[in-house]
Amino acid sequence: MGTVVDDAASVEFHAFFERHYAELSRLAHLLTGESDAADDLAADALLALWHRWDRVRAADHPAAYARGVVANLARTRIRSAVRERRRIALFWSQREEKVENPDVAGVVDVQEALRRLPFRKRACVVLRHAFDLSEKDTALALGVSVGTVKSQTSKGMAELQRLLGPQNAPLKVHAAMARTGDAGGRDR
């Protein structure tokens, strides 16, 4: 059961939310250029504001404060996207451009099997086997621990072995990805 002060703050925040949510979402869209992310950023900003609502409502311009929070979240999202693009560019720049006589059926099978893996397992398998990254480098690229890389790679390879058949699944995966340079890890 909330106090009168808590209820008043809740009512006040709800009114602020109703009045400014659309504006904050529009701001997020214009800053990031991503309509899908705009609502999420606005919601994240309003959640952060709710956690600091006593400070926000005491501010001279609460809407300006809210716009600043959205701008900071958008900046963080853009920086994260830029880092991700750099990682991807680095990985793709290391691949071979021309492949002689690729096993197209094998490549298609491996790509389909990879698409069926959850993202983290797929990413670990692809980075370890297609890009020959060390466990440490894979962990760094994915922002996880080395133990997670070991576990997810092992589980991913076991799942691929189940999907592709037990005979030489690791060799099929490595060879198929090395032949095409396309790790199949991209969602279309």
Side-chain angles (χ1 to χ4, degrees), residues 1-94 114-128 130-131 133 135-153 155-156 182-188:
M1 198 83 176
T3 65
V4 175
V5 175
D6 289 340
D7 290 342
S10 180
V11 167
E12 192 176 293
F13 178 78
H14 183 73
F16 182 87
F17 179 95
E18 292 296 325
R19 196 169 43 252
H20 295 287
Y21 179 77
E23 169 198 347
L24 295 175
S25 181
R26 183 170 171 255
L27 173 62
H29 179 249
L30 291 171
L31 291 174
T32 63
E34 299 176 20
S35 59
D36 294 342
D39 285 335
D40 291 341
L41 284 174
D44 289 347
L46 285 162
L47 179 62
L49 293 173
W50 171 246
H51 289 296
R52 297 186 294 264
W53 186 242
D54 288 339
R55 191 176 350 160
V56 174
R57 73 182 187 178
D60 291 334
H61 304 286
Y65 188 92
R67 286 189 289 272
V69 171
V70 169
N72 286 334
L73 289 172
R75 182 181 305 114
T76 300
R77 182 175 183 88
I78 290 166
R79 285 179 179 163
S80 192
V82 167
R83 281 192 301 272
E84 183 65 20
R85 283 188 208 114
R86 285 181 185 152
R87 286 185 197 128
I88 290 169
L90 173 67
F91 293 143
W92 284 105
S93 69
Q94 295 174 356
L114 282 169
R115 283 188 194 98
R116 294 176 65 184
L117 294 180
F119 176 77
R120 186 173 285 174
K121 287 179 187 173
R122 181 182 348 149
C124 287
V125 168
V126 168
L127 291 173
R128 294 282 292 128
F131 293 99
L133 291 186
E135 290 167 342
K136 182 179 176 185
D137 289 340
T138 300
L140 187 63
L142 297 176
V144 298
S145 71
V146 172
T148 299
V149 170
K150 290 178 181 181
S151 168
Q152 294 295 297
T153 302
K155 289 175 183 176
D182 180 4
R186 293 174 290 156
D187 290 325
R188 300 189 201 287

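Side chains are part of it too, since the values below use all heavy atoms of this structure and drop only hydrogens, waters and symmetry mates. From a predicted model like this one, the values you see are computed outputs, not experimental measurements.
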- prompt: Does any pair with a residue in residues 15-30 pass salt bridge (Lys or Arg N to Asp or Glu O under 4.0 Å), and if so which ones, sequence neighbours excluded?
  reply: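 Every pair satisfying salt bridge (Lys or Arg N to Asp or Glu O under 4.0 Å) with a residue in residues 15-30: E23-R67.
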- request: Sort and list the pairs that fulfil salt bridge (Lys or Arg N to Asp or Glu O under 4.0 Å) and have at least one residue in residues 31-44, not counting sequence neighbours.
  value: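 Residue pairs with at least one partner in residues 31-44: E34-R77.
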query: Under 3.5 Å, is there a donor-acceptor pair between the side chain of S151 and the main chain of G147?
result: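 No; judged by distance alone, with no hydrogens or angles, the pair does not exist.
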field: All ring pair (Phe, Tyr, Trp, His ring centres under 6.0 Å) counterparts of Y65, not counting sequence neighbours
entry: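 Result, ring pair (Phe, Tyr, Trp, His ring centres under 6.0 Å) vs Y65: none returned.
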For the [atom1] atom of [X] and the [atom2] atom of [Y], what is their distance to the nearest 0.5 Å?
X	Y	atom1	atom2	result
F13	L49	CZ	CG	6.0 Å
T148	K150	OG1	NZ	11.0 Å
L117	Q152	CG	CD	10.0 Å
T153	K155	OG1	NZ	11.0 Å

Atom of [X], atom of [Y] and distance for their closest heavy-atom approach:
X	Y	value
A42	Y21	CB-CE1, 3.7 Å
A38	S25	CB-O, 3.3 Å
S10	W50	CA-CH2, 3.9 Å
H20	A63	CE1-CB, 3.6 Å
T32	A74	CG2-CB, 3.7 Å
L27	V70	CD2-CG1, 3.9 Å

I'd like a table of donor-acceptor pairs (distance under 3.5 Å, sequence neighbours excluded) in which one partner is a side-chain atom from residues 136-144, with atom names and distances.
| from | atom 1 | to | atom 2 | distance (Å) |
| --- | --- | --- | --- | --- |
| D137 | OD2 | S134 | OG | 3.4 |
| T138 | OG1 | S134 | O | 2.9 |

message: Going by side chain to side chain donor-acceptor pair (under 3.5 Å), name the residues that satisfy it together with T76, two or more places apart in sequence or in a different chain.
response: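 Side chain to side chain donor-acceptor pair (under 3.5 Å) check on T76 returns nothing, list empty.
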- prompt: side chain to side chain donor-acceptor pair (under 3.5 Å) with R116: which residues, sequence neighbours excluded?
  reply: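 Checked R116 against side chain to side chain donor-acceptor pair (under 3.5 Å); zero matches.
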message: Could you tell me if the side chain of V69 sits less than 4.5 Å from the side chain of N72, heavy atoms only?
response: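 Side-chain contact under 4.5 Å: no.
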